[in-house]
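Accompanying notes for the structure given below.
Just so we're clear, the structure is a prediction, and the values are computed from it rather than from any experiment.
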Amino acid sequence: MPVADAEVAVLIVGGGPVGLTARVLLERWGVRTLLVEKHGELSPFPRSRLVNVRSMEIFRQLGLADRITAGAFAPEYGRIRFRDTLHDRDFATAAMVGVNAPVPASPVTGVVTSQDRLEPTLLAAADAPVGFGVELIDLAEEADGVVALLVDHRRGAETRVRARHVLAADGANSTLRQRLGIDTTGPGAMGDFTTVVFDADLDRWCAHQPAGVYFTAHGLFAPLYPEGGWAWFVATPEAAARADWPGLVSRALGAGADVPADVSRVQHWVMSAFVADRFRSGRILLAGDAAHAVPIVGGLGMNAGIADAHNLCWKLAGVLQRWARPSLLETYETERQPIAHRTLRQAVVNTRLMLQVQNRRSEQLRAGEAASTRIELPWSERYFAQLGLVFGVTYHSAAVLADRGIPLEPSDSGPDYVPTARPGRRMPHLWLTRDRSTLDAFGEWFTLLTPDPNHWAQQTTAPWPLHIERLPDDHADLCGPGPHGALLIRPDGHVAARWPDRPSSESTLHRALTAITRSTLR
């Protein structure tokens with residue numbers, strides 16, 4: 001048996017948004033973690049550009065939403081615009097619903113912000129140790145844990161760390177996924193792309209018509225930060241190593257633009273599309289791009305990874321704190337893998353919609369129509385069906401107790417979001433008080449929402465962490481329970497069980513929690 005130099009409960013591999021979010025969540029649960037990232041610092045590239053409304057709900061729960069919003073763009077940037085070149089007029093535009101303005105379904109609003117602006121906020125939100133420039137090069141699974149061999153590239157030193165579990169959030173090219181021999185399903189590599197970060201004075205074309213993304217015939221342009229900076233996303237040209245990037249950016253801005261581009265960074269990357277065949281191998285669990293790589297159109301990938309962490313971390317905490325059995329971790333793959341496949345399908349649909357817009361524009365120009373002619377978008381005024389996808393997730397697993405005699409809803413609820421408190425669904429946002437949402441009642445505990453808290457308070461609930469919250473009577477019709485019924489909400493905000501009336505015995509809640517956490521505790 002290898003001798004370990006240190007021990008932690010969870011070793012997190014990967015310092016992107018998913019790994020950093022998991023570190024914050026686990027610290028809130030009192031779980032000791034170590035995060036290692038093979039690169040020497042946080043990524044300096046903008047990468048993901050959208051924190052959607054569901055992710056912002058998770059960050060609100062962590063007390064980070066206001067901080068993230070403060071460094072993000074104003075809501076009017078929650079829009080996409082289509083142009084022939086950046087200095088032409090829009091031929092189509094659409095709002096990012098849930099980003100450009102509040103929606104009734106949530107107490108928060110999504111934001112347009114760069115990943116390199118988000119990550120420092122997440123890093124500062126927890127105190128657990130982080131090792132930059134530290135790479136996992138080997139691991140061995142034992143009966144009661146995993147021993148990982150780490151190399152610190154800065155010091156040239158090797159250490160062994162024993163962890164109860166390993167969370168692999170090390171990206172689409174995950175070393176851990178490959179080492180475990182986990183195959184993937186999907187198109188795979190979809191092309192080589194380049195991100196060019198540059199400064200240029202583009203206000204004359206963009207300041208009066210702000211957007212988070214400008215799609216043009218010469219690539220995608222995106223403002224990076226409220227104080228300035230731009231990124232150009234384009235298919236990687238031939239001889240990229242010798243490319244004149246400032247010249248290429250200037251030409252892509254359009255003939256006659258005559259705007260110099262001051263290029264500061266260039267990154268080449270591969271757009272991938274796949275879902276891992278397994279999200280777990282023993283004590284090692286995959287999350288984020290390591291589990292599912294999603295094309296960038298629609299901004300779904302990072303947000304799906306944040307939802308992975310939200311689903312997984314309370315389960316890890318339960319197992320480590322012994323109020324849940326290890327078999328609860330089986331529900332992570334059961335619940336999140338179907339959502340990953342659905343997210344990938346939606347990203348493919350998004351890409352096709354984008355191509356339809358470009359193809360219609362090409363047909364229009366070939367027909368000699370005026371350049372200012374508008375194009376009707378091939379989707380309604382809801383940016384790529386985001387709300388139905390991010391709010392309408394339904395989990396089917398042993399960690400959800402179906403209503404008696406009523407089957408669980410299908411996982412794919414369609415493009416529109418219809419609030420419901422049926423088991424498996426995200427608990428709807430409802431105002432408990434003037435400024436306190438039902439979502440604010442959730443945290444490092446199970447939550448019982450009931451119009452009759454005094455009666456339910458008599459239930460036996462040890463050893464599970466549980467808070468009881470009064471549900472206002474005027475919300476009963478939407479939520480389902482009668483005057484003496486209740487809803488049991490998991491720490492990730494999904495409805496675990498629902499009772500239409502008062503408990504049948506003093507052990508009703510105990511039995512439900514036992515079933516949900518797959519525990520045999522008494």
Side-chain angles (χ1 to χ4, degrees), residues 16-18 20-21 43 45-60 64-65 67-82 93-103 105-106 108-122 193 195 197 210-215 220-226 229-233 269 271 273 288-289 292-310 339-340 343-344 346-351 353-354 379 381-391 393 415 417:
V18 177
L20 292 169
T21 299
S43 173
F45 288 94
R47 296 188 178 182
S48 298
R49 303 275 302 131
L50 177 68
V51 181
N52 71 20
V53 63
R54 180 55 181 150
S55 292
M56 286 298 285
E57 289 179 350
I58 296 170
F59 293 140
R60 175 183 171 106
L64 301 176
R67 208 176 313 169
I68 292 169
T69 299
F73 284 97
E76 55 263 32
Y77 282 80
R79 176 169 290 278
I80 58 174
R81 297 183 183 276
F82 296 86
T93 184
M96 301 178 186
V97 177
V99 178
N100 71 311
V103 290
S106 180
V108 297
T109 305
V111 295
V112 174
T113 192
S114 292
Q115 185 173 324
D116 59 327
R117 180 61 55 88
L118 172 66
E119 288 181 349
T121 300
L122 296 176
F193 291 84
T195 301
V197 177
V213 179
Y214 297 86
F215 286 97
L220 181 158
F221 289 90
L224 288 183
Y225 319 107
W230 285 83
W232 179 44
F233 300 87
W269 51 281
M271 184 184 294
D289 286 357
H292 45 74
V294 178
I296 63 172
V297 181
L300 298 172
M302 179 185 73
N303 293 288
I306 291 169
D308 288 344
H310 200 219
I339 304 306
T343 301
L344 180 57
Q346 183 63 52
V348 172
V349 170
N350 291 350
T351 303
L353 291 172
M354 301 302 303
W379 64 82
E381 192 66 13
R382 55 171 188 263
Y383 179 57
F384 295 148
Q386 287 273 2
L387 295 188
L389 180 60
V390 302
F391 287 155
V393 167
Y417 171 65

**Request:** Spell out, as yes or no, whether a donor-acceptor pair under 3.5 Å connects the side chain of Ser55 to the backbone of Val51.
**Result:** no

**Asked** Is the backbone of Pro75 close enough, under 3.5 Å, to the side chain of Asn100 for a donor and an acceptor to pair up by distance?
**Response** no

**Request:** Verify, without hydrogens or angle tests, whether Asn303 (side chain) and Leu50 (backbone) share a donor-acceptor contact under 3.5 angstrom.
**Result:** yes

**Prompt:** Are Gln346 and Val349 side-chain neighbours, meaning at least one heavy-atom pair lies under 4.5 Å?
**Reply:** yes

**Asked** Distance only, no hydrogens: is a donor on one side chain within 3.5 Å (strictly under) of an acceptor on the other, for Ser43 and Asp116?
**Response** no

**Any side-chain heavy-atom pair of Tyr214 and Pro223 under 4.5 Å** = yes

**Message:** Please report the interatomic distance CG(Leu224) to CH2(Trp230), rounded to the nearest 0.5 Å.
**Reply:** 9.0 Å

**Message:** Which heavy atom of Thr195 sits nearest to which heavy atom of Ala231, and what is that distance?
**Reply:** CG2-CB, 4.4 Å

**Asked** Looking at side-chain heavy atoms only, is the closest gap between Met56 and Thr69 below 4.5 Å?
**Response** yes

**Request:** Could you pull out the closest heavy-atom pair between Val294 and Leu344, with the gap in Å?
**Result:** CA-CD1, 4.4 Å

**Request:** Nearest 0.5 Å please: distance from the CZ atom of Phe59 over to the NE2 atom of His310.
**Result:** 10.0 Å

**Prompt:** Would you say the side chain of Val112 lies within less than 4.5 Å of the side chain of Met96, judging by non-hydrogen atoms?
**Reply:** yes

**Message:** Which residues pass the side chain to side chain donor-acceptor pair (under 3.5 Å) test with Glu119, not counting sequence neighbours?
**Reply:** Gln115

**Complete:** Val393 and Val390 have their tightest heavy-atom pair at CG2-O, 4.3 Å

**Message:** I'd like to check the salt bridge (Lys or Arg N to Asp or Glu O under 4.0 Å) partners of Arg54; sequence neighbours left out, ordered by chain and number.
**Reply:** Glu57

**Prompt:** How about Val99 and Val53: do any of their side-chain heavy atoms sit closer than 4.5 Å?
**Reply:** no

**Message:** Test of understanding: with salt bridge (Lys or Arg N to Asp or Glu O under 4.0 Å), list the residues that count as partners of Arg117, not counting sequence neighbours.
**Reply:** Glu227

**Prompt:** Within the side chain of Thr351, is there an N or O that forms a donor-acceptor pair under 3.5 Å with the backbone of Ala347?
**Reply:** yes

**Request:** First locate atom CG of Asn52, then atom CG of Leu300, and finally report the distance between them rounded to the nearest 0.5 Å.
**Result:** 7.5 Å

**Request:** Quick one: sort the Phe233 and Trp269 rings into parallel, tilted or perpendicular, breaks at 30° and 60°.
**Result:** perpendicular

**Request:** Report yes if the distance between the aromatic ring centroids of Phe391 and Tyr417 is under 6.0 Å, otherwise no.
**Result:** yes

**Complete:** For Thr21 and Ala309, the nearest pair of non-hydrogen atoms, with its separation, is CG2-CB, 4.4 Å

**Asked** Should Asp308 and His292 be marked as a side-chain contact (heavy atoms from CB on, under 4.5 Å) after you check the CA-CA gap, both sets of side-chain angles, and the distance that decides it?
**Response** CA-CA 10 Å; Asp308 288 344; His292 45 74; 2.5 Å; yes

**Item:** Verdict with reasoning, Met354 to Phe215, per side-chain contact (heavy atoms from CB on, under 4.5 Å)
**Value:** CA-CA 9 Å; Met354 301 302 303; Phe215 286 97; 3.3 Å; yes

**Request:** Can you see which heavy atom on Pro46 is nearest to which on Val197, and at what distance?
**Result:** CD-CG2, 3.8 Å

**Prompt:** If you take all heavy atoms of Phe82 and Thr93, which pair is closest and at what distance?
**Reply:** CD1-N, 4.3 Å

**Message:** Ignoring hydrogens and geometry beyond distance, is a side-chain donor-acceptor pair present between Arg49 and Thr113 at under 3.5 Å?
**Reply:** no

